[in-house]
Amino acid sequence: MRALPSNQLNPKIKSVWRLSGAIWIIIAFLCCTLPFVFVGMVDPYESWAFVVAGIELIFFLALFILCVFILPPIRYARWRYELSEDFIDIALGIVWRKRFIIPFIRVQNTDTQQGPILRMFGLSSVTVSTAAGSHSIPGLDNESAEQLRDRAAELARIAREDI
Amino acid sequence: MSVEQNANQNPQQVNSAYQQHYQAQAQQPQQAQPVQQVQPVQQAQPAVQPAAQPVTPPAAVQPQAQPSATQPIAQPIKPIQSPAAQPVAQPVQQVQPVAQPQPATASSPEGKQHVHHSYIWLGSLRAIGILIIVLIVGNIASLISLLEEASYSGATSVIGLSVILGLGILAILVIFGLFAGFTALSYKHLYYEIGPSEFSLYSGILSKKRVHVPYQRIQSVDQKASLLQRLFGVCNVSIDTAGGAANKAILIPYLTKQQAEALKSELFTRKLALQAGQNATAQTSSVTQSVESAAQQSAPATVPADQSAQTQSQTQPQAQTHSGNVLDIGEQAWNQIGGVFAGEEAILGSVTYEYGLTNKELIFTGLSNNSSFFLAIVVVIAFVLQAASTVFEIVPSSEDAVIDNIAASAINYGVAQVSAVLIFGLIAVALVVWILSTLSACLSFGGFHARRRGERIEVERGLLQHQSQSVSVDRVQSVVIKQTFVRRILGYCELSLGKIDAMEESNSSEQATRIADQGLVIHPFVKKSEVPAILNGLVPEFADVPSEMKPLSKKALRRGLIRRCILNGGGFWLALITALTQAFLTVIEPFIEDPEYTAFLIGIAPIFGVLYLLAVVLFVVGIVGTVFWARESGFAYNRRFMMVKNGGLSTQSVSFPRNKIQFGFTRTNPFQRVAKTATICAVTAAGIGGTSTVLIDATQEDADQWLTWLEPHKS
């Protein structure tokens, strides 16, 4: 068995995942449930609407617990990366586990992105693109993101221009 | 005509100027003393605008050569000669002054150049043709009724009909005029320019659009011509730029053959010159590498060129030509006629390896064509639907006429009769479609030629619709050997090269259209044993593919059977659905209590039987395929190459060099982790947006080792 890459993401990423997961689930929950609640409130005879809303509540509660409390720590534990001299090594996935090797000389460009939630925690995510798809490493602190980007840019310059 | 004949008779000579240019470029970095001689054959005229020269080679110019300021403008690139190649090259160029890679299609290569005027009339003719067809198809019913009416009611309506026809023709003429006017206008605003450092295409009447391509970014210049375009000797040229995520091709419509060839040679000459210039000044390691590899490749290529300069009778000593086929005659005829505006041919570089298709290969290409099979199936399905709908229309009408009891048997009888007719009809239609598509496949591979010219691989094909594509060998991503079931039985396979495909950006419509997604077919039907020879001749860079296969894990067969025969197994699901439907229909029978329904159930019983049979056949085929797959699949790699083979009833093996792998990964699901297997996946940039080559269930160890192999070596 190949040893896992050494670096883990910044631990704050768990909070980021929790927060963004919570936001999405709440929005989806409201969109799905509110209409039924309104129907139930407007028309007292339509009590089935509350039943539907209740089922949805249970479903979304389960989803909420799964996505906010259970998955982020596991995902954090599984998400590993390593920037070596010449390549990026990424291991991720809980059920379907993947292991990527991305040579730096194939990287065409690197982007750093920072959404509002990531910014709140002082993190940024780095996306490396090759000629056949891109990969992003979420939750790097700004310093290592810069470092990664510089490294990729430097090696991309050495690499041959043509594919 | 005479010019063309000359060019045809002495292709090697013709090529040599360009060839040695290649060579000189290539040898430049290796030479101890970087002395270049400017070719004295070109009689210099006093320079009008020395600034117009795009590139002057930075190397020292010898005193006996013309001072660089007096270079003719029309010759933007000086064919540089290395001293070694000098004595041979000089006489050749004097013999064949025609064949120099002159950029001059028009007198001023730097100015605007319009496309051919057939853009206007041929383009609008095509549009009108489509319009007429659409009109006729759309109004066929009313036309027929009009005709019927005319035949019934004599002269008066004949007059009416002719008036209507006249009006229709007039309308079409008016539309044609409008369309032609519009195209003429857009023709006026459509031109290209060969600038000092980039190629630019301008288009658009109101919203102007310009596309600029730096010469270094140009990867290939391909041609495509429809039948009409071929008749008039024009073609569409698409310029493909360097790959990447936003890979686009520029389409220049309606260039004459001569213009297209000249444009091609011009663009490549400039690209080479720019690269050489860059090389001499910058000496970056990467460019040196590529040029060195170019030198290695062109070194053997120069030998036949030099030989043939001395012995003119031997035209192509090394080029291997397989015996041709029937359609080659047609192709030759085309080449001789050339089309009305074609102009003379320009030839770039010398050919080191070339082959066509033999009669047998051509016919079998058509016969074993996958798309023909697919087409046949589509037609059959359409036919079945059509037939089914007519049957259902007929049945209720017959029901009225007979008594209930007899009705059922009558229906059964009718269905049986209809289905017998149907089956024969289906077979006939499928046969006809198959023959037709075989013919069309033969035509589309008629005149097939693949050749290696310098660093490029060129493929031409199509008797009616012609297309010529080329790809530089550095840009070949993978070699794919495909065997469909039929080909596998015969022991033949299809050879193709994976290359980065581009979204074609045509000037007239903003829409980007997708072009060929199956790579570049370099041989549609070749005996398995001849593959190494062909690869060795055409892409010797790929000859060193690994052969020692790492087989799949032992567990792969069991997992494969579950995956392919049950989870994704068409037979299993078909049987399941059929059984469920049948059970449902039988269960509800007592509740309906209708003799007609019972008769219906009896009537459709054979259909269920057929479905079960089909399911069993699919299931068995799936099992056989999986057993083959588990036995034959595997992957291999050596220092530079990787090869993945996926077996089964139809097999595909893909080989690619390590440096074309953009990234690779392994993937495991919980079951695979228990079975200690892993899926490996190598992603190359071939196609649009990349291609993944996947092998399911290699052993975990092999997969891990492969990942280690994938890591770049410490430089």
Side-chain angles (χ1 to χ4, degrees), chain A residues 1-6 71 74-75 77-111 126-137 148 151-163, chain B residues 216-217 219 242-247 275 284-287 289-290 472 474-477 499-500 658-673 676 678-692 700-701 703-715:
Chain A
M1 195 67 197
R2 208 180 139 88
L4 282 173
S6 56
L71 286 184
I74 306 177
R75 199 192 292 172
R78 291 287 326 160
W79 224 116
R80 282 159 184 271
Y81 72 95
E82 189 171 335
L83 308 179
S84 80
E85 189 90 338
D86 301 304
F87 62 95
I88 308 175
D89 188 351
I90 297 177
L92 64 103
I94 300 168
V95 178
W96 286 274
R97 295 185 186 163
K98 290 183 179 179
R99 186 72 185 263
F100 289 92
I101 300 281
I102 308 153
F104 266 120
I105 46 171
R106 305 278 158 252
V107 173
Q108 289 189 325
N109 54 322
T110 39
D111 305 327
V126 178
T127 306
V128 291
S129 319
T130 65
S134 56
H135 307 269
S136 59
I137 304 177
L148 168 59
R151 179 90 195 118
E154 187 192 325
L155 280 158
R157 225 174 293 133
I158 299 172
R160 285 176 59 179
E161 191 187 63
D162 291 344
I163 305 157
Chain B
Q216 283 119 312
R217 306 288 289 175
Q219 291 303 334
N247 190 19
Q275 274 178 350
T284 54
S285 61
S286 59
V287 177
Q289 266 179 5
S290 72
S472 158
D474 318 331
R475 297 257 298 170
V476 173
Q477 306 287 321
K499 66 184 181 81
I500 302 173
R658 201 176 85 143
N659 60 2
K660 297 295 183 201
I661 301 176
Q662 297 294 318
F663 62 90
F665 62 91
T666 62
R667 192 173 54 198
T668 57
N669 64 25
F671 301 111
Q672 282 179 309
R673 286 196 286 277
K676 291 210 167 15
T679 300
I680 67 172
C681 187
V683 185
T684 61
I688 296 173
T691 306
S692 342
Q700 181 78 51
E701 277 168 55
D704 281 347
Q705 278 172 14
W706 174 71
L707 276 183
T708 315
W709 173 80
L710 212 57
E711 293 169 4
H713 298 304
K714 308 283 175 285
S715 47

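Just so you know, these numbers use all the heavy atoms, side chains as well, and skip hydrogens, waters and symmetry mates. Being a predicted model, the structure only gives us computed values, none of them experimental. Numbers restart at 1 for each chain; the letters A, B, ... are given by sequence-line order, proteins then strands.
Closest approach of B:Phe663 to A:Ala132, counting heavy atoms only: CE2-O, 3.4 Å.
Only the backbone of A:Ile94 comes within less than 4.5 Å of a heavy atom of chain B; no side-chain atom from C-beta onward does. Contact annotation for B:Thr708: both backbone and side-chain heavy atoms come within less than 4.5 Å of a heavy atom of chain A.
When B:Ser472, B:Gly664, B:Gly690, B:Cys681 are compared by the number of non-hydrogen pairs under 4.5 Å with chain A, B:Gly664 comes out ahead. Note: A:Arg97 leads A:Arg99, A:Lys98, A:His135, A:Arg97 in heavy-atom pairs under 4.5 Å with chain B.
More than 12 heavy atoms of other shown residues, nucleotides or ligands fall within 6.0 angstrom of atom CD in B:Gln705.
Rounding to the nearest 0.5 Å gives a distance of 12.5 Å between CD1 of A:Ile88 and CD of B:Glu711.
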Item to complete: Apply side-chain contact (heavy atoms from CB on, under 4.5 Å) to B:Asn659 and A:Arg106, showing your working.
Response: CA-CA 9 Å; B:Asn659 60 2; A:Arg106 305 278 158 252; 3.2 Å; yes
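Of the candidates B:Ile661, B:Leu707, B:Thr666, B:Leu707 is the only one forming a side chain to side chain contact (heavy atoms under 4.5 Å, CB included) with A:Ile101.
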